Chemist: 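Sending over a structure as structure tokens; questions will come in a sec.
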There are 2 protein chains.
Amino acid sequence: MCKGGTYDVAMTSMAPEERIGSHIKRAEQALLAAKNAACKPAAVTVPQYAALLWLAEKPGISAAALARLCGVTPPTMNTVLKNLQGRGLIERTPHEWHRNVLETRLTDEGRTVMERADAGAVRVERALAAAFTEEERTQLIELLGRCAEVLDAQR
Amino acid sequence: MCKGGTYDVAMTSMAPEERIGSHIKRAEQALLAAKNAACKPAAVTVPQYAALLWLAEKPGISAAALARLCGVTPPTMNTVLKNLQGRGLIERTPHEWHRNVLETRLTDEGRTVMERADAGAVRVERALAAAFTEEERTQLIELLGRCAEVLDAQR
DNA sequence: GAATGTATGTTAGAGCTCTAATATGTGCAA
DNA sequence: TTGCACATATTAGAGCTCTAACATACATTC
């Protein structure tokens with residue numbers, strides 16, 4: 001049972017396979033790699049695709065609100081939006097009332113690119129979903145939700 | 001059932017809540033945030049901690065092998081090791097036979113820092129594990145494993 | 001009206017991550 | 001021996017990510 005490593009895992013630490021976090025990380029890494037490959041034909045990164053997808057559903061949204069939807073900080077979203085704007089996939093215009101807010105919208109090209117990337121991403125999601133029964137899928141989502149809940153509370 | 005967004009999700013795409021990937025990502029984000037906070041007293045990042053932990057168990061390992069264990073590319077591990085070496089937490093010496101290989105080892109300070117970070121990380125992992133029954137934990141790990149398998153095959 | 005609070009936006013800096021390309025060294029095979 | 005294959009190491013460049021700090025603008029309260 002005990003490993004033969006120099007650092008005595010059994011006494012003070014925990015083996016990697018026992019760490020639920022290891023398995024979450026591995027799944028996330030595989031997910032990112034698969035989505036990255038799926039987005040490649042559209043020449044966008046996964047974070048860029050995520051932003052474009054939300055922008056399609058919520059035109060004129062603020063960068064801060066978009067950051068919350070995508071689960072990143074405002075400076076991070078700022079970086080992503082800069083790259084998207086530099087490629088002409090989005091445009092940002094000052095809000096009529098709240099002068100400090102910039103409304104962000106897809107350009108026509110941005111919409112085209114998003115739809116192309118989305119096709120790939122959905123293909124990945126469908127393949128993933130197909131690996132589970134309805135019941136398993138429900139349970140997986142429930143268990144993952146509990147993970148997020150507990151971990152957020154830890155902080 | 002259908003959302004009122006501009007981009008018609010129902011026809012060509014998929015709602016975020018239906019995407020298993022969304023839930024994996026959320027759990028991983030919460031995990032990273034919790035581990036980050038846990039590693040902060042030791043003043044190391046999560047990737048740095050991961051490298052230190054493996055180094056404790058496998059002294060003299062090559063950077064490439066360490067990269068595989070940590071699930072990152074060699075250039076990424078190179079970046080992490082540079083930072084660790086700059087802080088004097090590891091040392092790298094040429095391999096006796098294979099001149100191209102650098103053997104990497106913890107310094108005394110590196111071991112101390114690792115143990116401090118590990119205490120925090122294990123605390124997070126134990127809290128996470130405590131949120132599930134034995135059966136749930138087993139199933140979660142099995143389901144996550146299937147995710148990784150399917151996603152890797154997609155690529 | 002002035003102070004406070006809250007939300008948005010941005011910059012700076014450190015660090016992680018990838019792909020692509022290059023160099024070096026080892027071992028095997030024609 | 002020469003060439004090929006493979007592993008390791010590194011550099012370059014683009015992009016994502018965070019925390020910290022600061023600036024701006026609106027809204028509420030005193």
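Below, all heavy atoms of this structure are taken into account, side chains as well, without hydrogens, waters or symmetry copies. Since this is a predicted model, take the numbers as computed values, not measurements.
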Chemist: Are the side chain of S22(A) and the backbone N or O of E18(A) linked by a donor-acceptor pair below 3.5 Å?
Modeler: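 Checked: no pair found.
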
Chemist: Table please: side-chain donor-acceptor pairs of residues 84-92 of chain A below 3.5 Å, with sequence neighbours left out.
Modeler:
from, atom 1, to, atom 2, distance (Å)
R87(A), NH1, A43(A), O, 2.5
R87(A), NH2, A43(A), O, 3.3
R92(A), NE, T104(A), OG1, 3.4

Chemist: Looking at residues at least two apart in the chain, or sitting in another chain, which of them share a salt bridge (Lys or Arg N to Asp or Glu O under 4.0 Å) with E134(A)?
Modeler: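 E134(A) satisfies salt bridge (Lys or Arg N to Asp or Glu O under 4.0 Å) with R137(A) once adjacent residues are dropped.
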
Chemist: Over how many whole Å does the gap from N36(B) atom CG to dC16(D) atom P extend?
Modeler: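 In whole Å, dC16(D) P and N36(B) CG are 20 Å from each other.
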
Chemist: Measure from CG on L32(A) to C1' on dT17(C) and round the result to the nearest Å.
Modeler: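 It works out to 9 Å between those atoms.
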
Chemist: Taking L102(A) as the starting point, is it possible to reach L106(A) by hopping between hydrophobic residues whose side chains are less than 4.5 Å apart?
Modeler: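 No.
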
Chemist: Rounded to the nearest Å, what distance is computed from the CD atom of residue E28(B) to the P atom of nucleotide dT17(D)?
Modeler: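 My rounded result for the distance is 12 Å.
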
Chemist: Rounded to whole Å, please give me the gap between CD in E103(A) and P in dG9(C).
Modeler: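 Taking atom P of dG9(C) as the reference, CD of E103(A) is at 10 Å.
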
Chemist: Rounding to an integer number of Å, can you tell me how far N100(B) CG sits from dC6(D) C1'?
Modeler: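 Between C1' of dC6(D) and CG of N100(B): 12 Å.
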
Chemist: Please report, rounded to the nearest Å, how far the P atom of dC16(D) is from the CG atom of L52(A).
Modeler: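 Between P of dC16(D) and CG of L52(A): 11 Å.
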
Chemist: With nearest nucleotide decided by heavy atoms, which residue, P75(A) or A63(B), maps closer to the 5′ end of DNA chain D?
Modeler: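 Result: A63(B).
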
Chemist: For the pair made of CD in Q29(A) and C1' in dT17(C), what is the distance, rounded to whole Å?
Modeler: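 For the pair Q29(A) CD and dT17(C) C1', the rounded distance is 11 Å.
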
Chemist: Does any residue of residues 66-74 of chain A have a heavy atom under 4.0 Å from DNA chain D, and if so, which ones, in number order?
Modeler: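 The answer is V72(A), T73(A).
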
Chemist: Tell me which nucleotide among dC16(C), dC18(C), dG9(C) gets nearest to the side chain of A64(A).
Modeler: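 Between dC16(C), dC18(C), dG9(C), the one nearest the side chain of A64(A) would be dG9(C).
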
Chemist: Given dC18(C), is OP1 or OP2 found less than 4.0 Å from the side-chain N or O atoms of T45(A)?
Modeler: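 False: T45(A) side-chain N/O out of range (4.0 Å or more) of dC18(C) OP1/OP2.
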
Chemist: With sequence neighbours left out, what residues match R146(A) under salt bridge (Lys or Arg N to Asp or Glu O under 4.0 Å)?
Modeler: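 Partners of R146(A) by the salt bridge (Lys or Arg N to Asp or Glu O under 4.0 Å) criterion, ordered by chain and then number, come out as E142(A), E136(B).
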
Chemist: Can you see if the side chain of Q48(A) gets near the phosphate of dC16(D) - specifically, an N or O under 4.0 Å from OP1 or OP2?
Modeler: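 True: Q48(A) side-chain N/O within range (under 4.0 Å) of dC16(D) OP1/OP2.
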
Chemist: Cut-off 3.5 Å, side chains only: do T73(B) and T76(B) have a donor facing an acceptor?
Modeler: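 Result is yes, a qualifying pair exists.
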
Chemist: Return the 5'-most residue of the pair K40(A), S62(A) with respect to DNA chain C, ranking by each residue's nearest nucleotide.
Modeler: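 Residue closer to the 5' terminus by nearest nucleotide: S62(A).
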
Chemist: How many Å lie between CG on L102(B) and P on dT8(D), as a whole number?
Modeler: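 About 12 Å, once rounded to whole Å.
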
Chemist: Enumerate donor-acceptor pairs with a distance under 3.5 Å from any side-chain N or O in residues 24-34 of chain A to protein atoms, sequence neighbours excluded.
Modeler:
from, atom 1, to, atom 2, distance (Å)
K25(A), NZ, C70(B), O, 3.3
Q29(A), NE2, G71(B), O, 2.9

Chemist: Take R105(A) and E103(A) through the salt bridge (charged side-chain N to carboxylate O under 4.0 Å, His left out) test and state the conclusion after the steps.
Modeler: CA-CA 7 Å; R105(A) 282 190 176 75; E103(A) 289 188 332; 3.3 Å; yes

Chemist: What contact category does T76(B) fall into here, base, sugar-phosphate, or nothing, at under 4.0 angstrom with non-hydrogen atoms?
Modeler: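 Base, at least one base atom sits under 4.0 Å.
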
Chemist: Taking NZ, NE, NH1 and NH2 as the nitrogens, is one of them in K35(B) or D118(B) under 4.0 Å from a carboxylate oxygen of the other?
Modeler: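 No, K35(B) and D118(B) are not salt-bridged.
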
Chemist: Is there a side-chain polar atom (N or O) of R92(A) under 4.0 Å from OP1 or OP2 of dT8(C)?
Modeler: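 So the side-chain polar atoms of R92(A) never come under 4.0 Å of the phosphate oxygens OP1 or OP2 of dT8(C).
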
Chemist: Near DNA chain C, which residues from residues 77-87 of chain A have a heavy atom under 4.0 Å away?
Modeler: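 When residues 77-87 of chain A is checked for heavy atoms under 4.0 Å from DNA chain C, the hits, listed by number, are N78(A), K82(A).
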
Chemist: I need the L66(A) CG to W54(A) CH2 distance, nearest 0.5 Å.
Modeler: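 Separation between the atoms: 9.5 Å.
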
